2 protein chains.
Amino acid sequence: MHDLETRELRYFVAVAEELHFGRAAARLGIAQPPLSRAIGRLERRLGVRLLDRDRRGATLTDAGRVLLREARTALDVLAAAARRTQRAGDATRPLVLATKAGASYELLHRLLGAVAGEPGAAPIDVLLCEVGEQAGLLRGGRADVAIMHRPVDDLAGFGTEDLHVEGQVALLPAAHPLASRDRLTLAEVSDVPGLPIARWPRLDGSYPDGPGPEVHTQSQLAQLVALGRTLLVIPASSRAWQWPEHVAVPVVDAPQVTTVAAWRPEAHSPQVAALVRAAMGLRGSAARTPPGPVGSVPEGAGNPVAPPG
Amino acid sequence: MHDLETRELRYFVAVAEELHFGRAAARLGIAQPPLSRAIGRLERRLGVRLLDRDRRGATLTDAGRVLLREARTALDVLAAAARRTQRAGDATRPLVLATKAGASYELLHRLLGAVAGEPGAAPIDVLLCEVGEQAGLLRGGRADVAIMHRPVDDLAGFGTEDLHVEGQVALLPAAHPLASRDRLTLAEVSDVPGLPIARWPRLDGSYPDGPGPEVHTQSQLAQLVALGRTLLVIPASSRAWQWPEHVAVPVVDAPQVTTVAAWRPEAHSPQVAALVRAAMGLRGSAARTPPGPVGSVPEGAGNPVAPPG
DNA sequence: ACGGCTGATACCCGCCGGGTATCAGGCCGT
DNA sequence: ACGGCCTGATACCCGGCGGGTATCAGCCGT
C-alpha cells in the first residue's frame, strides 16, 4: 500500500479544520476541485470514509477525527525533522537556549558567563518563553537546551541536569495581614479572602476551577501582581515579580522546585555538552534556600499552585 | 519553504542505510539517476549537505545522521497514522489485544470470558508477543490494548489499569541445593554457580554483561529452562515455564510485579473502554501471592533480573 | 593506460497535480 | 413551486515532475 503523502495530510488537515472544501482550498492557495480530488483519493487509498459531505459543508467521521490527530502530529514530526537537520548542518550555528521570561536572571547571567569560558562552546541565542513553552520548542527542534523546573514542567524524554534546588515563597502586598508572618503553609495561602491565586491553563488549554483570575501570559500575571489583585507562589529566587510594595514569605510545605537544564538526548552534540557542562559548573555556587522544616517533598508530587516566574 | 515529502524521506533512508546509490535504487525498485536527483533536490531544499559522495559510495554527514534518525521516526509516525485511521474506520473490526506469549493463560482466559459478557464489546484478536514488543505495537497502532507488566515494561504515555499484583519466584531444578529453601533473596539467586541467569537484550539491542547465556526469544529461553541451564526469576503466576522437575521458590526482595492493561489514551474508543472495564472486573478475583516480608518495592525501582514469562 | 566502479548529467515520456468550466443536489426566500 | 445559491463532484486541459535509458565524469587498482 502506498504511503501517506505529506501534501495529502496538509490538505486533509485544512479540510478537517475548516470543515469546508472551499475555504480549505482558499487557505491552501489552490482551487477547490483538486482538493476534493485529493481527499477522495486519500479516502480511496485508505479504504475509509474520512468526511461526511453535506449541503452545508463537511463533518468528520470517527476515522477522520483519528486521522486529524495523527496527521497533525505527523506534520509536526516532519517539520521538526527538517528544522533539526538544517540546524545540524550548520556547525557554527548558535545554540538556542529556551528559558522562561521571568526566570532568575542571575542564574541565566552566570550561565552565559560560564559558557563563554567553556572551550568548544558555540554562541548562545537566548529564547524567552511563556510558561510551559520550552518542552515544545525542544521537541520541535527549535531549541537545543531549555531551563525548566521540576516538578512544574513535563520533563519526560529529556536528558536533565539539576542546577539548583529551592523552596517557594508567597508574594503578597506588604499591607496584607499575612505579610508579617515569617512562614506560611499552602493551606493558609490557597484561600486568602480577596487575594485569590491566579489560574494557569492546563496542558489541554482548559482552566482549573477556582475564584482566581485566568491568565495565560507572563505579562498578564505581572499586571495582576503589580495591582495586588492576585497572590503568587514562586521559587524563592524568582524575584522578577517582586515590586517594592510586596513581601515574600516562605511557604514551608510547597514542593521544592529544582531548576534543571534539559535537552533531547538524541541531539546531544558537543556544543550541547559544553553548555550543559558549563551549567553543571554553577551547581552549588548559588545561595541555597534552606528547606522548610517539613522537609523535602517527593519528586512528582504534583504542581505547585503557581508556576515559577 | 516546502515540506519534506514522504517519498524523499523513503529515498533518503534507503541511501543512508545502503550508503550506495545503486543498491538503494535497486532496493527502492527505481533506477539510480532519479534517486540521485531526488537526494540532490532534498539537499538543495534543506540547504544542507546530507551525504559525502565518494568513489566507493557515500558516507553520512552529521546532518545526514540527524535526518536518518528523524526520517525513520517520521515514516513510522506516518505508517502508524495510516494504520490507526484504517482501523478507526472499521467499526466492526476486532480489537487487538497484545500479550506476552508466556503470560498467565489463566488471566487471559478469564479476561476473554469477561469481555464476551460485556455489553458493547467487540470481538478480540489476541496477538502473542515477544518480550517488550507490546509497547511498539501499541504505539504503532497495530494493537488496541496490551497486557504489560510494571516495572518491567515501559509504560510511558499509556493509560493503564492495574489488574494484578504478585511477587516473583525463582525457578530452579528440583535437585538443586537451593530448591529445598522456602524463600530466597535476589543476592542469593543472582550468583548461583553453574546456573547463571539468562541475559535479555536491552532496548538498544545490546546485552548486559554477565555469565548467563544470551537469549532474545521466549522459545530460546524455554529450551534453556527445560534443560536446566538457566535460572529464572518470574512472577509467581507465570508457571508456563515450569516443568515437573522444576521448583518455584519465592524471592522475597524481588520487586512486586503488577500486571496492567495498557492503551494509548488518544485511541480510547468505546470498544477499548469495554475491554478495560471487563479487565477491571477481574481485579481481586485472582489469588494474590502474599507479599514478601520485606514489603512492597516502590514503583519504578528498576527491572527485576528477568522479565516475567 | 585502461577497465570498472562510483555518482552526475542529458534527454524523453507519461502521469498526476493543478487550473477553469460546468454539473448535481439540497435549502431557502420569494 | 420555482429559481437562485450554496455546497461538493465531474470533465477536461496543461505543465511540471517523477521515472526511464543513454551517457558522461572522476577515481581507483591492476
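Keep in mind that what you see is a predicted model, and the values were worked out from it rather than measured. Each chain gets a letter, A, B and so on, in the order the sequences are listed, and its residues count up from 1.
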Using a 4.0 Å cut-off on protein heavy atoms (strictly under), produce a 5'-to-3' string for nucleotides 13-25 of chain D with B for base contact, S for backbone-only sugar-phosphate contact, and - for none. -----BBBBB---

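- Put simply, CG on B:D52 is 18 Å from P on D:dG26, counting in whole angstrom units.
- Rounded to an integer number of Å, the gap from A:R23 CZ to D:dG8 C1' is 13 Å.
- At a threshold of 4.0 Å, the pair A:R139-B:E70 does not count as salt-bridged, since none of the basic side-chain nitrogens sits closer than that to a carboxylate oxygen.
- Comment: B:R87 does not engage A:D62 in a salt bridge, judged by the lack of any side-chain N to carboxylate O separation of less than 4.0 angstrom.
- For B:L51 and C:dG7, the CG to C1' distance is 11 Å, given to the nearest whole Å.
- The phosphate of C:dG7 has neither OP1 nor OP2 within less than 4.0 Å of any side-chain N or O from B:S36.
- Between the CG atom of A:L35 and the P atom of C:dG18 there is a distance of 9 Å, rounded to whole Å.
- A salt bridge is defined here as a Lys NZ or Arg NE, NH1 or NH2 lying under 4.0 Å from an Asp or Glu carboxylate O, and A:E266 with A:R264 meets this definition.
- Ion pairing between A:R72 and A:E17 holds under the 4.0 Å rule for side-chain N and carboxylate O.
- Whole-Å rounding puts the A:E43 CD to D:dG8 P distance at 13 Å.
- Taking the charged nitrogens against the carboxylate oxygens, A:D144 and A:R93 do have a contact shorter than 4.0 Å, which makes a salt bridge.
- Rounded to a whole Å, the CZ atom of A:F21 is 19 Å from the P atom of C:dA24.
- Residue contacts shown for A:G22 are limited to sugar-phosphate atoms, with no base heavy atom under 4.0 Å away.
- Candidate nucleotides D:dA9, D:dT7, C:dG7 were compared by shortest atom distance to the side chain of A:H20, and D:dT7 ranks first.
- Taking atom CG on A:D54 and atom P on C:dC27, their separation rounds to 8 Å, with Å as the unit.
- Distance B:L19 CG to C:dT6 P: 13 Å, rounded to the nearest Å.
- Among all heavy-atom pairs drawn from A:I39 and A:R53, the shortest one is CG2-NH2, 3.9 Å.
- Salt-bridge formation is not detected for the pair A:D3/A:R45: no Lys NZ or Arg NE/NH1/NH2 atom is positioned less than 4.0 Å from an Asp or Glu carboxylate oxygen.
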